[in-house]
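Worksheet: the structure to be examined is printed underneath.
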There are 2 protein chains.
Amino acid sequence: MDEDLVVPINSIKRSYAIVDELRERGRAGATELADALSLPKSTVHNHLRTLATLGYLVEEEGSYRLGAQYLHVGQESRNTRTVFQHGRDTVESLAEKSGRYCQLVIEENGDAAVIQSTQWVPDEGTRATQQAYPMRAPLYTNAPGKAILAHLPPERITQIVERQDLTARTELTVTDEDDLRSEMATIRDQGYAIDRGELISGMVGVAAPIVTEKCVYGAVAAYGAGNEMREALDESLPDLITESADDIRADIVFAGPE
Amino acid sequence: MDEDLVVPINSIKRSYAIVDELRERGRAGATELADALSLPKSTVHNHLRTLATLGYLVEEEGSYRLGAQYLHVGQESRNTRTVFQHGRDTVESLAEKSGRYCQLVIEENGDAAVIQSTQWVPDEGTRATQQAYPMRAPLYTNAPGKAILAHLPPERITQIVERQDLTARTELTVTDEDDLRSEMATIRDQGYAIDRGELISGMVGVAAPIVTEKCVYGAVAAYGAGNEMREALDESLPDLITESADDIRADIVFAGPE
DNA sequence: CGCCTTTGTCCCATATTATCGAACAGATTG
DNA sequence: CAATCTGTTCGATAATATGGGACAAAGGCG
């Protein structure tokens, strides 16, 4: 049940703990981080200087900040993903057509990871929720995640469901395994998944999987504030999403399996 | 003169070397990486498993790939930058108005680092060069870099120029310090910098600095293929760029020093 | 103006720990 | 079915990250 939480190389784990801490604070010095992580100053200092030398951190006036290097590494790895190469433009135009905040999502280690998110901002209220929207969450907690999960091989589904214990994020999160499995059947049937605010209260969305005979490449999603989304769910929005997902799938298949 | 190339913590340097190698290959196994880096298999394997456990790498079928975590870390650190918060929309609309490939660039450790790049693609030819455009390069090798460099404090300018030895990237790269210094005077005078293909042959661009009384926040740039850019440089493009930069600066100043 | 705190940085002995070679198992290929 | 590939595991050794303490400098406060 309990995963191997033993990380082989400790310095690296420590290094990323510092990065995480630095990420929350935006900018910090060695002492501040050492206190927060209850580590010796000198150790933290060593790590900071190491990361700075490698170009991942920038130091300004004794204080340290995350550099652009992480962004560049991340963007480069994203750009090589086939689903992104074939889906990027489609997601962007989906955002324009639907007027919603749209995402391109992939599965990663049992989590749904957003690798593209559009900037379409209808109103200020949505903007706030949009910025708060997490870039990574368990598959079962959101529409694109459920859309992907529903089309994974059965053994992987059970594996993922078993490992995570279906803890609730909001009052609407699916916490019962039977409910989840029956919902996935529905998703496979109708071709799209719905999130009624199961990850973030009030954030309602629709998502369709990008799936070929071989595997699931990811999912396309459109999100919005609950009040204005509820009626959209009964109209053309689901069709729009599934069309976009189909376009991307067709584009991938046409380009060849590679 | 020679910088401290001694990296305190060796495992971390090694870890990022593996990440770099993995970045180039997109996907690779332990043996392949071990051969490329001339390291023992087991060491590389340890690093891979460590990074995978931390969520930065994903393993699929024994092979490893960079995960979306780097992207998320990078995006989050970017989103907290004031120049990005105030400049994001302006750069995007600049791309629409000008019809060019536009960038928002900051200085980082003597380099120009692109933290936003638009997706406006006039033609296929530009798309290719656009994708090849590096996200990080020495300040003196490109328009936004020179625009930033020109407005840094004098001591930092000499410090940066001294450290880098002005090696040529193309035939047009500025390699003489006096030339560079006189060009920077021109840039300060006319308010914008020009790149006639000094970093990538044929990639011509204009850039204007986002500068307040206190400091340089970065630069806005517009790039295009050489043939179609040369005439644009004599027309309204430079004005468009400087206006955008001024808009962003005004937005930052208005929001307060914070 | 000077004290006192707090910062970042440096040093070095010690023991933690990352390393690395070899061996194992599974898959793939000839 | 043998021969290579792969990824993985194990364990002893030596390398090395650690962390306590000391230093200088900057900042705050009386």
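First the proteins, then the strands, lettered A, B, ... as listed; each starts at 1. These figures come from a predicted structure and were not determined experimentally.
Remark: B:R14 is not in phosphate contact with D:dT16, judged by side-chain N or O atoms under 4.0 Å from OP1 or OP2. A sub-4.0 Å separation between OP1 or OP2 of C:dC20 and a side-chain N or O of B:T43 is present.
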Would you tabulate the side-chain donor-acceptor contacts of residues 32-45 of chain B under 3.5 Å, counting partners in other chains and residues two or more places apart, or write 'none'?
from	atom 1	to	atom 2	distance (Å)
B:E32	OE2	B:R25	NH1	2.9

Using distance only, find each side-chain donor-acceptor pair of residues 109-116 of chain B under 3.5 Å and give its atom names and separation, not counting sequence neighbours.
from	atom 1	to	atom 2	distance (Å)
B:Q116	NE2	B:R88	O	3.2
B:Q116	NE2	B:E92	OE1	3.2

Please report, to 0.1 Å, the donor-acceptor pairs under 3.5 Å made by any side chain of residues 134-145 of chain B, with sequence neighbours excluded.
from	atom 1	to	atom 2	distance (Å)
B:R136	NE	A:Q69	OE1	3.0
B:R136	NH2	A:Q69	OE1	3.2
B:R136	NH2	B:E108	OE1	2.9
B:Y140	OH	B:T167	N	2.8
B:Y140	OH	B:T167	O	2.9
B:Y140	OH	B:T167	OG1	3.4
B:T141	OG1	B:P138	O	2.7
B:N142	OD1	B:G145	N	2.7

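For the salt bridge (Lys or Arg N to Asp or Glu O under 4.0 Å) condition, the pairs that include at least one residue of residues 66-84 of chain A, sequence neighbours left out, are A:E76-B:R23.
In this structure, B:Y64 has no ring pair (Phe, Tyr, Trp, His ring centres under 6.0 Å) partners at least two apart in sequence or on a different chain. Shown here are the side chain to side chain donor-acceptor pair (under 3.5 Å) partners of B:E24, two or more places apart in sequence or in another chain: there are none. In this structure, A:R169 has no side chain to side chain donor-acceptor pair (under 3.5 Å) partners at least two apart in sequence or on a different chain.
Across its full length, the helix from C:dT5-D:dA26 to C:dG30-D:dC1 shows an angle of 40° between the axes of its 5 terminal pairs at either end, rounded to 10 degrees.
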key: Protein-to-nucleotide contact annotation, 5' to 3' order, nucleotides 2-12 of chain D [B base; S sugar-phosphate only; - none; under 4.0 Å, heavy atom]   = ----SBBB---

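Residue B:L39 places its side chain closer to C:dC20 than to any other of D:dG20, C:dC20, D:dA17.
Of all heavy-atom pairs spanning B:T53 and B:R49, the tightest one is OG1-O, 2.7 Å.
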